[in-house]
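Below is one structure, written out as structure tokens; comments come after it.
Basis for what follows: all heavy atoms, side chains included, without hydrogens, waters or symmetry-related copies. Lettering of chains follows the sequences in order, A, B, ..., and the numbering in each one begins at 1. None of these values were measured; they are calculated from a predicted model.
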There are 2 protein chains.
Amino acid sequence: MEGYEKLEKARERIIETIAQNIHLYGLVPSAGRQYGMMFFQNEPLTLDDMTEKLGMSKTSMSTSVRALSDLKLVERAWKKGVRKDLYKVSDDWYQSFIDLFSIKWRRSVTLHLVAIKKSLAELEQLSTDPTASEELLEEVQIDIEKLKYIKNYYEWLERLVDVFEDQKIFDLVPIMNDSDNNSKD
Amino acid sequence: MEGYEKLEKARERIIETIAQNIHLYGLVPSAGRQYGMMFFQNEPLTLDDMTEKLGMSKTSMSTSVRALSDLKLVERAWKKGVRKDLYKVSDDWYQSFIDLFSIKWRRSVTLHLVAIKKSLAELEQLSTDPTASEELLEEVQIDIEKLKYIKNYYEWLERLVDVFEDQKIFDLVPIMNDSDNNSKD
DNA sequence: TTTTTTATACAGTTTTTACTGTACAAACTA
DNA sequence: TAGTTTGTACAGTAAAAACTGTATAAAAAA
């Protein structure tokens with residue numbers, strides 16, 4: 001097998017693995033392939049470049065590059081003399097992971113906490129209703145306990161997101177690069 | 001509004017919020033609704049119970065309860081004298097989160113590391129090929145550096161999953177329940 | 001200004017996924 | 001043993017999502 005072919009095959013393996021795992025980011029394999037392809041380009045790409053490389057429509061490239069940008073997996077780039085929009089993959093993958101976490105889970109936590117607080121307030125109110133039957137009150141009380149539990153859970157999740165966002169997670173799980181392992185010991 | 005109606009409304013709000021956020025678990029809203037409904041039941045449910053409560057086919061209930069079980073969001077339960085399979089939501093939501101993390105990310109990390117190691121080995125091999133052009137060797141070298149970087153990243157992710165699995169994450173982000181906050185201070 | 005270039009909105013099509021009903025195998029009952 | 005009950009495989013259908021091509025608005029060039 002020829003040299004460039006081997007290089008291409010080694011790249012394809014990585015790209016396909018990314019494509020098959022990008023669902024963890026809520027994205028579709030073709031967006032993963034796009035990301036993977038960009039990863040191995042040493043220059044930022046235009047939408048037309050992507051269309052050519054992937055053989056897909058420019059509209060598709062536009063929408064999926066936007067999805068990738070929303071998750072901060074790719075970012076805009078600039079190159080002198082190029083009028084088209086340019087994109088490159090964000091090069092700090094640790095930060096990308098944290099961004100994913102922030103963007104996806106922060107939003108979810110907030111939505112849940114809003115709903116829980118609202119329902120909790122309603123149930124607390126209901127539990128003081130003098131016209132309520134004994135049976136109802138019992139059910140309400142059980143639900144209040146359940147909601148308090150999940151409220152605590154989502155508050156924990158919120159603090160977890162904080163810990164990622166403010167990089168404290170790296171105290172517990174430090175970044176280590178190969179050289180740390182390889183050097184004499 | 002009548003008492004039971006109020007209770008139902010408070011529950012529905014939570015259930016719908018879960019349904020709208022369950023995509024973070026790679027599940028579809030109807031599975032989230034199923035989970036949410038089960039959460040407010042104080043008894044384990046059979047597939048037929050779920051069919052009745054949600055107005056969906058038993059086949060659907062079967063497949064989605066399996067998906068929920070695979071992520072350990074629900075578990076089998078037993079009740080004396082009941083022949084049908086019974087299911088209830090796992091009551092440790094912190095553990096459910098950790099399980100999600102383990103199941104989804106561990107697998108992804110492993111797949112990536114396998115691919116990266118294989119491609120790295122091929123490229124290291126290629127980089128010693130005496131017939132390779134200078135230009136090719138340069139590209140290979142760049143890719144080797146890129147793969148080393150993402151290898152480190154996935155190894156970090158692996159350690160992150162470990163930290164969740166062995167509960168060390170709770171050292172950094174402790175569980176706090178309301179009583180910790182409410183008591184005198 | 002007009003002309004050209006570029007990104008995206010939108011409508012239509014293809015592909016994929018979710019869901020249903022039937023059929024059947026495994027497990028339980030009698 | 002035969003007769004029920006229960007869960008799920010499978011094929012078909014309905015619904016949703018991905019993708020394409022055309023049209024257009026915004027921006028840049030002339």
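- In this structure, the CD atom of A:Gln34 is 13 Å from the P atom of D:dA18, given to the nearest Å.
- Under the rule for a side chain to side chain donor-acceptor pair (under 3.5 Å), A:Asp171 has no partner lying at least two apart in sequence or in another chain.
- Ring-plane geometry between B:Trp156 and A:Phe170 is classed as tilted, the angle between the planes lying from 30 to 60 degrees on a 0 to 90 degree scale.
- Going from atom CG of A:Asp85 over to atom C1' of D:dA28 covers 12 Å, rounded to whole Å.
- One finds a salt bridge joining B:Glu155 and B:Lys151 here, because a Lys/Arg side-chain nitrogen approaches an Asp/Glu carboxylate oxygen to under 4.0 Å.
- Taking the six-membered ring where the residue is Trp, B:His112 and B:Tyr154 present parallel rings, their angle staying beneath 30° rather than reaching 60°.
- Along DNA chain D, the nucleotide nearest A:Val28 and the nucleotide nearest B:Leu86 are compared for position; the residue whose nucleotide lies closer to the 5' end is B:Leu86.
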List the steps, then state whether salt bridge (charged side-chain N to carboxylate O under 4.0 Å, His left out) holds for A:Lys9 with A:Glu5. CA-CA 6 Å; A:Lys9 213 182 135 207; A:Glu5 229 175 299; over 6 Å; no
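- For B:Leu54 and C:dT20, the CG to C1' distance is 15 Å, given to the nearest whole Å.
- Per the geometry, CZ belonging to B:Arg76 stands 12 Å off P belonging to C:dA27, to the nearest Å.
- Here C:dT14 presents its P atom at 16 Å from CE of A:Met56, a figure rounded to the nearest Å.
- For B:Asp162 and B:Arg106, the salt-bridge test passes: some basic side-chain N is under 4.0 Å from an acidic carboxylate O.
- In this entry the distance linking CD1 of B:Ile22 with P of C:dA18 reads 13 Å, nearest Å.
- What separates OH of A:Tyr87 from P of C:dT8 is a distance of 5 Å, to the nearest Å.
- The distance between atom CG of B:Leu47 and atom P of C:dT20, rounded to the nearest whole Å, is 14 Å.
- Heavy-atom distances under 4.0 Å link DNA chain C to B:Thr59, B:Ser60 of residues 58-71 of chain B, given in residue order.
- Contact annotation for B:Thr46: no contact, since no heavy-atom pair falls under 4.0 Å across all strands.
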